[in-house]
Chemist: 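I'd like to ask some things about the structure below.
Scope of the values below: all heavy atoms of this structure, side chains included, with no hydrogens, waters or symmetry mates. In this chain, residues are counted from 1 in sequence order. Just so it is clear, the structure is predicted and the values come from calculations on it, not from any experiment.
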Amino acid sequence: MDKPILLKGMQIYSEKNQFYTGYIKITNQKISEIGRLEDLQDITDAVVFDLQENLTAVPGFIDVHIHGAAGADVMDGTESALMTMANTLPAEGTTSFLATTMTQEQEEIEKALKSAAGYMSKPQPEGRAEILGVHLEGPFVNKEMAGAQPSQYIIDPDVELFKKWENLSQGNIKLVTLAPERPGGKELASYLSSKSIVASIGHSNATYEEVKDSIEAGCTHVTHLFNQMRGLHHREPGVAGAALLHDELMVEVIADGVHVKPEMVKLAFKQKGEEGLILITDSMRAKCLKNGQYDLGGQDVTVADGKAVLQDGTLAGSILRLGHAVKNMIEFTGCSLEDAIQMASVNPAKQLGVFDRKGSLAAGKDADIVILNEEHDVVMTLCRGEVAYRKENE
């Protein structure tokens with residue numbers, strides 16, 4: 001058995017929403033002890049990391065909507081692409097994520113689902129971000145709100161086809177983006193709800209009343225608020241208005257300042273509060289790479305000046321890092337670090353039903369831990385008890 005790991009001397013943001021100078025002991029990938037520094041017993045058998053009081057330990061971030069990073073994309077349909085993502089993401093504080101597909105030919109979607117199932121069927125190594133399942137974004141969306149989803153492959157929601165994909169994924173689809181106003185939309189939302197799969201409204205032209213009906217059918221989530229959805233209008237609140245008004249809906253936000261203007265991010269935060277938002281990246285393969293030409297779902301994407309766009313200028317995912325989204329959220333809204341952690345760690349864990357082991361720092365939970373400096377930059381990340389990233393000179 002490996003030696004326990006001891007982190008000590010830093011500030012800790014505990015599950016009880018308290019900051020204190022303390023220690024975290026890790027045994028067999030789990031947090032075995034957590035407490036105040038003065039209560040630490042003499043431990044001679046541990047690998048000790050002496051950290052400074054200007055550093056803060058927070059729970060690992062969870063990205064429920066990410067397509068790719070470092071040249072890899074979920075739609076590559078290979079386990080090596082998933083491994084590249086899992087290796088890369090700890091540098092931005094992400095310790096677990098949903099491998100997110102996109103609208104494509106059915107054979108390509110099925111290839112991606114099979115590769116994710118294969119990857120998840122084996123023990124996932126500590127020291128890498130953990131794949132918690134699949135986010136199926138498309139093809140059950142609305143062509144009028146396609147965005148970067150190739151419209152020629154968009155189809156109406158289909159419960160029987162989804163059941164086939166559910167089997168191919170070995171039950172690992174955890175979240176589905178759909179347009180509930182399309183034929184079959186409410187039926188699919190109801191089926192997903194019955195299977196405890198998160199049904200999310202996205203790439204949707206639904207009216208406010210149609211969104212209300214979809215909530216009754218089982219929708220509990222909204223995919224990238226304001227992007228590719230019927231917007232807020234004073235005579236038709238649309239999907240955006242319904243998302244802001246209905247507490248039943250957990251809402252994703254891409255806080256890069258590109259997809260959503262900072263003032264609109266602030267509006268969403270003021271309306272939904274820290275318990276109603278989830279920070280996501282929606283990033284594509286160009287994240288962590290240089291400006292240039294890339295591919296997204298078979299489409300050419302140009303990355304420059306912090307934007308990823310199709311040839312017609314449509315935004316095509318992001319190159320946002322989740323650690324930057326946390327910093328941006330604090331800057332855009334004036335929220336506290338505690339609020340940002342709620343949106344990056346706690347809310348996604350609860351929405352995916354994994355809060356019993358993820359999303360906060362407490363004894364018995366997975367040792368997914370991020371160390372931030374005073375500027376809230378990620379300086380160290382542990383994934384299930386193993387150091388997955390450490391910034392030089394820290």
Chemist: Any chance the side chains of T314 and D312 put a donor and an acceptor closer than 3.5 Å?
Modeler: yes
Chemist: Determine whether V58 and S345 make a side-chain contact, defined as any pair of heavy atoms from C-beta on separated by less than 4.5 Å.
Modeler: no
Chemist: Is there a donor in the side chain of E248 and an acceptor in the side chain of T220, or the other way round, less than 3.5 Å apart?
Modeler: no
Chemist: Enter the distance from I254:CD1 to L320:CG here, rounded to the nearest 0.5 Å.
Modeler: 8.0 Å
Chemist: What I want to find out is whether K186 reaches E210 closely enough, with some N-O distance under 4.0 Å, to be called a salt bridge.
Modeler: no
Chemist: Working note: S121 + Q170, criterion side-chain hydrogen bond (donor to acceptor under 3.5 Å, both in side chains); need CA distance, chi angles, decisive distance, verdict.
Modeler: CA-CA 9 Å; S121 67; Q170 297 179 22; 5.1 Å; no
Chemist: Checking side-chain polar atoms at under 3.5 Å, does Y23 have a donor or acceptor matched by the opposite partner on E33?
Modeler: yes
Chemist: Does any non-hydrogen side-chain atom of L382 lie less than 4.5 Å from one of E386?
Modeler: no
Chemist: Would you name the heavy atoms of A308 and V303 that are closest together and state the gap between them?
Modeler: CB-CG2, 3.9 Å
Chemist: Ignoring hydrogens and geometry beyond distance, is a side-chain donor-acceptor pair present between E166 and Y191 at under 3.5 Å?
Modeler: yes
Chemist: Tell me if a side-chain donor or acceptor on R230 pairs with a main-chain N or O of N205 at a distance below 3.5 Å.
Modeler: yes
Chemist: Taking atom CZ of F162 and atom CG of L168, what is their separation to the nearest 0.5 Å?
Modeler: 11.0 Å
Chemist: Same cluster or not: Y389 versus V326, using hydrophobic residues (I, L, V, M, F, W, Y) connected whenever any side-chain heavy atoms lie under 4.5 Å apart?
Modeler: yes
Chemist: Has K272 got a side-chain atom pairing as donor or acceptor with A243's backbone, closer than 3.5 angstrom?
Modeler: yes
Chemist: Between the side chain of S169 and the main-chain N/O of N172, is any donor-acceptor distance below 3.5 Å?
Modeler: yes
Chemist: For the residue pair N87 / R128, report whether a side-chain donor-acceptor contact shorter than 3.5 Å exists.
Modeler: yes
Chemist: Can a cation-pi geometry be assigned to K266 and F332, taking NZ or CZ under 6.0 Å from the six-membered ring centre and within 45° of the ring axis?
Modeler: no
Chemist: Step by step, work out the side-chain hydrogen bond (donor to acceptor under 3.5 Å, both in side chains) result for Q149 and T103.
Modeler: CA-CA 5 Å; Q149 305 282 330; T103 301; 2.7 Å; yes
Chemist: Of the options R384, K358, Q29, which is the one that meets D366 in a side chain to side chain donor-acceptor pair (under 3.5 Å)?
Modeler: K358
Chemist: So does D305 have more than 12 non-hydrogen atoms from other groups sitting under 6.0 Å from CG?
Modeler: no
Chemist: Is L178 linked to L136 within one hydrophobic cluster, defined over Ile, Leu, Val, Met, Phe, Trp and Tyr using a side-chain heavy-atom separation of less than 4.5 Å?
Modeler: yes
Chemist: May I ask you to check whether over 12 heavy atoms, not counting those of E375, lie within 6.0 Å of atom CD?
Modeler: yes
Chemist: Hydrophobic clustering (ILVMFWY, side-chain heavy atoms < 4.5 Å, transitive) - are V222 and V253 grouped together?
Modeler: yes
Chemist: Does the side chain of T281 pick up a donor-acceptor pair with the side chain of D63 at under 3.5 Å?
Modeler: yes
Chemist: side-chain hydrogen bond (donor to acceptor under 3.5 Å, both in side chains): which pairs involve residues 316-332, sequence neighbours left out?
Modeler: K327-D377
Chemist: Would you say the side-chain atoms of E181 and N142 include a donor-acceptor pair closer than 3.5 Å?
Modeler: yes
Chemist: Quick one, L37 and D39 - any side-chain contact, counting heavy atoms below 4.5 Å?
Modeler: no
Chemist: Below 4.0 angstrom, N of the basic side chain to O of the carboxylate: do E79 and K122 qualify?
Modeler: yes
Chemist: Assess whether side-chain hydrogen bond (donor to acceptor under 3.5 Å, both in side chains) is satisfied between T302 and Q293, documenting all intermediate values.
Modeler: CA-CA 5 Å; T302 300; Q293 298 295 123; 2.8 Å; yes
Chemist: Do H221 and I201 make a side-chain contact, defined as non-hydrogen atoms from C-beta onward lying under 4.5 Å apart?
Modeler: no
Chemist: Quick one: does any side-chain atom of S200 pair with a main-chain N or O of T223 as donor and acceptor, under 3.5 Å?
Modeler: yes
Chemist: Using ring-ring contact (aromatic ring centres under 6.0 Å, His included), reason through Y208 and H246 one step at a time and then give a plain yes or no.
Modeler: CA-CA 11 Å; Y208 180 80; H246 283 271; 5.6 Å; yes
Chemist: Please round to the nearest 0.5 Å and tell me the distance separating atom OG1 of T84 and atom CG of D73.
Modeler: 11.5 Å
Chemist: Please lay out, stage by stage, how K365 and D356 fare under the test salt bridge (charged side-chain N to carboxylate O under 4.0 Å, His left out).
Modeler: CA-CA 7 Å; K365 290 197 170 187; D356 59 321; over 6 Å; no
Chemist: So if you build clusters from Ile, Leu, Val, Met, Phe, Trp, Tyr with side-chain heavy-atom gaps below 4.5 Å, do I330 and L322 land together?
Modeler: yes
Chemist: Give a yes or no on whether V387 and V47 share a hydrophobic cluster (residues Ile, Leu, Val, Met, Phe, Trp, Tyr; joining criterion: side-chain heavy atoms under 4.5 Å apart).
Modeler: yes
Chemist: Would you compute the distance between atom NZ of K174 and atom CG of L132 and round it to the nearest 0.5 angstrom?
Modeler: 8.5 Å
Chemist: Decide salt bridge (charged side-chain N to carboxylate O under 4.0 Å, His left out) for K287 and E92; before the verdict, give the C-alpha distance in whole Å, the side-chain angles of both, and the deciding distance to 0.1 Å.
Modeler: CA-CA 11 Å; K287 175 160 69 172; E92 62 191 70; 2.9 Å; yes
Chemist: Tell me, do V198 and L192 make a side-chain contact under 4.5 Å, heavy atoms counted?
Modeler: no
Chemist: Once you round to the nearest 0.5 Å, how far does CZ of F97 lie from OG of S283?
Modeler: 9.5 Å
Chemist: Quick check: closest heavy atoms across G323 and F61, and the distance to 0.1 Å?
Modeler: CA-CE1, 3.9 Å
Chemist: Output all residues satisfying side-chain contact (heavy atoms from CB on, under 4.5 Å) with E187, sequence neighbours left out; order by chain, then residue number.
Modeler: V159
Chemist: Assess the side chains of S96 and E130: does a donor N or O sit below 3.5 Å from an acceptor N or O?
Modeler: no
Chemist: What I want to check is whether the side chains of H203 and E137 have a donor and an acceptor closer together than 3.5 Å.
Modeler: yes
Chemist: Taking the six-membered ring of Y294, is the NZ or CZ of R285 close enough (under 6.0 Å from the centre) and on axis enough (within 45°)?
Modeler: no
Chemist: State, to 0.1 Å, how close A199 and G218 come at their nearest heavy-atom pair, and which atoms those are.
Modeler: CB-O, 3.9 Å
Chemist: Test H224 against H259 for ring-ring contact (aromatic ring centres under 6.0 Å, His included), laying out the working first.
Modeler: CA-CA 9 Å; H224 46 51; H259 281 76; 7.6 Å; no
Chemist: Just verifying a value: how many Å separate L244 CG and Q271 CD, rounded to the nearest 0.5 Å?
Modeler: 5.5 Å
Chemist: Above 12 or not: heavy atoms from other molecules or residues under 6.0 Å from CD of Q52?
Modeler: no
